[in-house]
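A short worksheet on the structure shown next.
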Amino acid sequence: MARYYDITLDLYEDLWGEHVHHGFWDPGEVPGVNGADRHAATDRLVRELVAFAGVPSGSRVLDVGCGIGGPALHLAGPMGCAVEGITLSARQAARANEKARDAGVADRARFHRLDALATGYPDEAFDVVWALESLMHIPDRAAFFAEALRLLAPGGILAVATWSVRTGELDEAERDLVEQILRHQVMPGFSSLDEHEQLARAAGFADVASVDWSGAVANSWDPAFAQIRRYEQGRSVMRDLARERGVDVLGFFHAGPLMKKGFDTGVITYGALRAVKPAPGPGRGGAPRADRTP
Ligand code: SAH
């Protein structure tokens, strides 16, 4: 997984820009394919998640799976948040720190190579735990929700956007398509949006809500937008890439048409989830109040 992001870093940045995630469009909107349109669509997804989850300006944010820092720079820049970004890829963390320096927000956005399930941050260190298209990479999702709860201050917000599968049993053809996507994208497995809600509640989150954004993001796999063709047409470029970096790198190119089919047939879905860490109620075992006289 870390290796996959190490070897595809420049490809993603070259093809997709600084945001390593889907774009977001209104119904009927057609994706523009130039760099500015691409950036606008992916940037919009960040703003939609901020709005859906209710991320407050100026909050302390842990960005789980920060990529090269595109979303974190929005949170740290215009929104004035203090962001700690973590990724499995040392090269991504280095590139993100460089981008934060260039953007003049290095004091508010810092990036580290760390595993989401073993961050070492103290309890209640953050107001927001933000996970934009990283949850599907984490095999132990129950552990992710437990760790997010631990890291949030009471009243803190969990904001997730993730690839998912439709609710219910998949038939054989659907399972086969999903397996191929997982293999090419080096992902362990998908859950449904309902399962994510259940996991959040089981971990102890309150006010859990989710929204299905499949229709809003599916355009991202339009071959022109995903820009896969640019490389597909250059077979020799792909041969060189595979020789240089190993065949894993090619998964990146195979996944595009499969994702498009997944969205077209409804087996691949995409959604956001927000949840709140409850404040300890009276008599629920909170720490003793210092001002209470015996
Ligand atoms: N959120 C970024 C990047 C998404 S790509 C963006 O929207 O632009 C997925 C990211 O998740 C990568 O940075 C990858 O390193 C990270 N990731 C996957 N599993 C992780 C884990 N267990 N701990 C920390 N980061 C992880």
Side-chain angles (χ1 to χ4, degrees), residues 1-24 38-39 41-50 53 55 61-77 81 83-97 99-100 103 109-121 126 128-148 151 158-164 181-182 184-191 213 217 220 226 248 251-252 255 259 270-273:
M1 168 68 216
R3 184 171 174 279
Y4 177 78
Y5 277 102
D6 280 342
I7 62 176
T8 56
L9 175 117
D10 53 336
L11 296 180
Y12 274 110
E13 188 166 6
D14 182 25
L15 294 174
W16 286 7
E18 66 184 10
H19 291 284
V20 190
H21 59 240
H22 288 71
F24 189 105
R38 169 184 321 284
H39 190 269
T42 49
D43 197 49
R44 174 152 178 213
L45 180 73
V46 175
R47 285 181 283 110
E48 294 286 341
L49 184 58
V50 165
V55 175
V61 179
L62 176 66
D63 181 356
V64 174
C66 58
I68 58 169
L73 294 185
H74 175 82
L75 298 170
C81 295
V83 186
E84 293 282 310
I86 63 173
T87 166
L88 291 180
S89 157
R91 288 189 63 198
Q92 284 188 337
R95 180 73 185 113
N97 279 319
K99 288 172 73 69
R110 287 192 304 239
F111 302 92
H112 317 274
R113 178 189 182 172
L114 277 177
D115 189 312
L117 300 183
T119 60
Y121 291 110
F126 297 98
V128 175
V129 171
W130 167 278
L132 175 48
E133 301 195 16
S134 55
L135 182 56
M136 68 280 181
H137 290 293
I138 299 174
D140 189 347
R141 292 187 187 127
F144 165 82
F145 283 101
E147 181 64 359
L151 291 170
L158 174 63
V160 173
T162 183
W163 304 22
S164 49
I181 291 171
L182 293 171
H184 289 311
Q185 290 281 349
V186 199
M187 290 173 183
F190 297 124
S191 311
W213 281 344
V217 304
S220 306
D248 287 0
F252 175 85
M259 285 298 288
Y270 185 105
L273 174 141

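In this chain, numbering begins with 1 at the start of the sequence shown. It should be emphasised that the depicted structure is a prediction, and the values quoted were computed from it without experimental measurement. Just so you know, ligand 1 is whichever comes first in the structure, and atom 1 is the first atom listed for that ligand.
Nearest-heavy-atom check against atom 22 (N) of ligand 1 across Asp115, Leu73, Val20, Leu135 picks out Asp115. Comparing Thr87, Val64, Ile68 by heavy-atom distance to atom 15 (O) of ligand 1, the nearest is Thr87.
For ligand 1, the polar-atom distance check finds an N/O of His21 within less than 3.5 Å of one of the ligand's N/O atoms. Considering backbone and side-chain atoms together, Ala116 places an N or O closer than 3.5 Å to an N or O of ligand 1. Between Gln92 and ligand 1, an N or O atom pair is found at a separation short of 3.5 Å.
Under a 4.0 Å criterion applied to the non-hydrogen atoms of Leu114, ligand 1 contributes the atoms 23 (N), 24 (C). Within ligand 1, counting atoms from 1 as listed, the ones closer than 4.0 Å to a heavy atom of Glu133 are 4 (C), 5 (S), 9 (C). In the vicinity of Ser134, heavy-atom distances shorter than 4.0 Å reach the ligand 1 atoms 11 (O). Proximity to Pro71 (heavy-atom distance under 4.0 Å) selects the following atoms of ligand 1: 6 (C), 7 (O), 8 (O). Residue Cys66 approaches ligand 1 through these ligand atoms, each under 4.0 Å from one of its heavy atoms: 2 (C), 3 (C).
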Test side chain to side chain contact (heavy atoms under 4.5 Å, CB included) applied to Glu133 and Val20, step by step: CA-CA 8 Å; Glu133 301 195 16; Val20 190; over 6 Å; no
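Judged purely by atom type and a 3.5 angstrom limit, His112 has no side-chain atom pairing as donor or acceptor with the backbone of Ala93. For the pair Ser220 (side chain) and Val217 (backbone), a donor-acceptor distance under 3.5 Å is present. Thr87 contributes no side-chain N or O that, together with a main-chain N or O of Cys66, makes up a donor-acceptor pair within less than 3.5 Å. With hydrogens and angles ignored, the 3.5 Å screen pairs no side-chain donor or acceptor of Arg95 with any backbone N or O of Gly67. A donor-acceptor pair is defined here as one N or O able to donate and one able to accept, closer than 3.5 Å; such a pair exists between the side chain of Thr42 and the backbone of His39.
For the 3.5 Å distance criterion, the side chains of Arg141 and Ser191 qualify, holding a donor opposite an acceptor.
Residue contact annotation: Leu117 has no non-hydrogen atom under 4.0 Å from ligand 1. Residue Gly70 places no heavy atom under 4.0 Å from ligand 1.
By the criterion of a heavy-atom distance under 4.0 Å, neither the backbone nor the side chain of Ala131 is placed next to ligand 1.
Between His22 and Trp213, the ring centre distance reaches or exceeds 6.0 Å.
Side-chain contact between Leu49 and Trp130 is present, with heavy atoms from C-beta onward closer than 4.5 Å.
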